[in-house]
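Quantities reported herein were computed from a predicted structural model and do not represent experimental measurements.
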Amino acid sequence: MTQDFDQLIRGARPEVPAGARARALDSVEPEGAVGSTPAFVRVLLRVAALVLLAVCSGVVAAMLSAPKQQAAVPVDVAAQLAQARTRIDTLEQESPAARVERLKADVAELESAQPAPAVDLQKAIADAVADHQTAQM
């Protein structure tokens, strides 16, 4: 019975001339149609497939090991905005530019409290002249 089916299948296929079969087999490498692409392209495709497989397996593992999310907690947007504004205000007050301005103001205040060296020199000269005049008299 199986021989009858084999005969039917062989009879249904057209005969390929031997020359055409040889030319077709010469143009195809042992790996088939993929063999016609350069070797580095095949290696690149294999590496890309392995990388894609690794990434996909990592994503699946992360999805499976992720903790279950709890029920959604209502978000108070107004309170979060107020907290953000206070944080921004404190950052503006403690910013380096604000600190520099405060330090400049402190330096100016300290300089204004101390007499200038020229004034001290004038006082010392006036005292020395007065002492000299007193000594001469």
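Atom-to-atom distance recorded for Ile125:CD1 and Lys123:NZ is 13.5 Å, nearest 0.5 angstrom.
Not a single side-chain hydrogen bond (donor to acceptor under 3.5 Å, both in side chains) links Gln80 to another residue, sequence neighbours left out.
In the hydrophobic cluster analysis, where Ile, Leu, Val, Met, Phe, Trp and Tyr join through side-chain heavy atoms closer than 4.5 angstrom, Phe40 is grouped together with Leu45. By the criterion of side-chain heavy atoms lying less than 4.5 angstrom apart, applied directly or through intervening Ile, Leu, Val, Met, Phe, Trp or Tyr residues, Leu52 is not grouped with Leu44; the two fall into different hydrophobic clusters.
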inquiry  = Set out, in order, the CA-CA distance, both residues' side-chain angles and the distance that settles side-chain contact (heavy atoms from CB on, under 4.5 Å) for Gln83 and Arg87, then state yes or no.
reply    = CA-CA 6 Å; Gln83 289 175 353; Arg87 277 188 259 143; 3.8 Å; yes
